[in-house]
Amino acid sequence: MKLKLGFFYYDLLNLYGDSGNVRALDFHLREQGVDVEIDRLTLEDKKDIASYDWIYMGCGIERSLILALTDIKKYKDAFAEAIANGTHILATGNSFELFGNTIRMPNKRYTCLGLLDFSTEYRARTVHDLLLPYGEHQLVGFENHSGVTVENKETPFLSSEERSEGVKKNNFTGTYIVGPLLVRNPFLCRELVKELLLKKVPSFKFRDADYTVEEEAYQNSLNWMAETKLS
């Protein structure tokens, strides 16, 4: 079996070790005996959206984000179909803003893809380590962004008394958490591997997987954040 992964705008939207998400998923898919093909694509590269089992975009500076916006608009219809069909898409940091209605910066307003019903307004910068509830788990992360989600009619990625952020629709996930999210939260990587393989082959027989290093790092993060009373 073969899965195809697309790392879109790998050179523009990769500020915080975001490529670690692609590497982690690649490793754990191959651990299951799956053949993995990875396309790293940037501006002007042809993008066959329908061919990918998983698409990833990371975080970039504002100038890079707007450059990506000029290119991704060419694929609006293809992305609309992918989201409707349940293609797994992960957009971390400010990249998920591209899929909303507008981005409103202090001196400029940009029209985005409009595939998800929310907008972004740029305000004072927010920089924090994060420890947030996510189902039965605690999610470890880091944020550094000026964008704020407004007029959001989509389901948030995270929703609790502590915080509501990001968007979730079908298998599209957008979150302001940056960096190697799948590495820092091994339960997310396990969940994604399972979903991708069962979507491809509903009767897939899983092999034992080794998340020892990720689990140790995750537990260390939990311990440190508990000691500093981070929430």
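Heavy atoms only: backbone and side chains are in, while hydrogens, waters and symmetry mates are out. Everything quoted here is computed from the prediction, not taken from an experiment.
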Return the set of residues passing side chain to side chain contact (heavy atoms under 4.5 Å, CB included) with E121 (not counting sequence neighbours), or none when no residue passes.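 E121 satisfies side chain to side chain contact (heavy atoms under 4.5 Å, CB included) with R104, R123, V150 only.
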Holding to side chain to side chain contact (heavy atoms under 4.5 Å, CB included), I want the full list of residues that pass it with D77, two or more places apart in sequence or in another chain.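 Checked D77 against side chain to side chain contact (heavy atoms under 4.5 Å, CB included); zero matches.
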Sub-3.5 Å donor-acceptor pair from the side chain of [X] to the main-chain atoms of [Y], do we have one?
X    : Y    : answer
K47  : D45  : yes
N185 : L181 : yes
Q138 : L222 : no
S221 : A217 : yes
S159 : P156 : no
S95  : G58  : yes

Hey, does [Y] have a side-chain heavy atom less than 4.5 Å from the side chain of [X]?
X    : Y    : value
R30  : D35  : yes
I89  : I83  : yes
I38  : V22  : yes
L130 : I177 : yes
F7   : L41  : no
E31  : L29  : no
W224 : D129 : yes
L113 : K73  : yes

Atom [atom1] of residue position [X] - does it have more than 12 heavy atoms of other residues, nucleotides or ligands inside 6.0 Å?
X    : atom1 : value
R63  : CZ    : no
E81  : CD    : no
R190 : CZ    : yes

Look up atom [atom1] in [X] and atom [atom2] in [Y], then write down how far apart they are to the nearest 0.5 Å.
X    : Y    : atom1 : atom2 : answer
L25  : L90  : CG    : CG    : 9.5 Å
S64  : L12  : OG    : CG    : 5.0 Å
L65  : L98  : CG    : CG    : 4.5 Å
I103 : L69  : CD1   : CG    : 6.0 Å
Y218 : E215 : OH    : CD    : 8.0 Å

Ignoring hydrogens and geometry beyond distance, is a side-chain donor-acceptor pair present between [X] and [Y] at under 3.5 Å?
X    : Y    : answer
T111 : T102 : no
Y176 : T92  : no
D117 : N152 : no
Q219 : N223 : yes
D210 : T212 : yes

What pair of heavy atoms forms the shortest contact from [X] to [Y], and how long is it?
X    : Y    : value
C112 : E97  : SG-O, 3.7 Å
S119 : E151 : OG-OE1, 3.6 Å
K4   : D39  : CE-OD2, 3.2 Å
G93  : C59  : CA-CB, 3.9 Å
A82  : I49  : CB-CG2, 3.9 Å
L115 : F79  : CD1-CB, 3.6 Å

Are [X] and [Y] grouped together when hydrophobic residues (ILVMFWY) are joined by side-chain heavy atoms under 4.5 angstrom apart?
X    : Y    : result
V34  : Y52  : no
L139 : Y211 : yes
I66  : V178 : no
Y110 : L67  : yes
Y16  : V140 : no

Between F8 and Y75, is the ring pair (Phe, Tyr, Trp, His ring centres under 6.0 Å) condition met? List the steps. CA-CA 12 Å; F8 283 28; Y75 301 95; 7.6 Å; no
Is the ring pair Y134/F187 parallel, tilted or perpendicular, if the boundaries are 30 and 60 degrees?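 Judged by the thresholds at 30° and 60°, the geometry between Y134 and F187 is tilted.
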Tell me the side chain to side chain donor-acceptor pair (under 3.5 Å) pairs involving residues 6-15, sequence neighbours left out?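 Found Y9-D71, D11-T42.
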So F118 and K153, side-chain contact (heavy atoms from CB on, under 4.5 Å) or not? Walk me through it. CA-CA 6 Å; F118 72 93; K153 297 181 182 178; over 6 Å; no
With a 3.5 Å cut-off and sequence neighbours excluded, list the donor-acceptor pairs that the side chains of residues 191-204 form with protein atoms.
from, atom 1, to, atom 2, distance (Å)
E195, OE1, H88, NE2, 3.0
K199, NZ, G86, O, 2.7
K200, NZ, D53, OD1, 3.2

side-chain contact (heavy atoms from CB on, under 4.5 Å) for N144 and H128? Distances and angles first, verdict last. CA-CA 7 Å; N144 183 352; H128 286 295; over 6 Å; no
Aromatic ring proximity, centroids under 6.0 angstrom, W54 and Y56: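 Distance test on ring centres: under 6.0 Å, yes.
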Would you check, one step at a time, whether the test side-chain contact (heavy atoms from CB on, under 4.5 Å) holds for N101 with L116? CA-CA 7 Å; N101 295 317; L116 300 172; over 6 Å; no
Tell me every residue that passes side chain to side chain donor-acceptor pair (under 3.5 Å) with R207, counting only those two or more places apart in sequence or in another chain.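 Residues passing side chain to side chain donor-acceptor pair (under 3.5 Å) with R207: none at all.
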Residues which pass salt bridge (Lys or Arg N to Asp or Glu O under 4.0 Å) with E143, listed by chain and number, not counting sequence neighbours: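 Salt bridge (Lys or Arg N to Asp or Glu O under 4.0 Å) check on E143 returns R163.
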Mark yes or no: K168 above the aromatic ring of F157, with NZ or CZ under 6.0 Å from the six-membered ring centre and no more than 45 degrees from the axis.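 Verdict for F157: no cation-pi partner in K168.
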So T175 and E165, side-chain contact (heavy atoms from CB on, under 4.5 Å) or not? Walk me through it. CA-CA 7 Å; T175 173; E165 75 100 61; 2.6 Å; yes
Hey, mind stepping through Y122 and H145 against ring pair (Phe, Tyr, Trp, His ring centres under 6.0 Å) and telling me if it holds? CA-CA 9 Å; Y122 273 54; H145 59 96; 8.7 Å; no
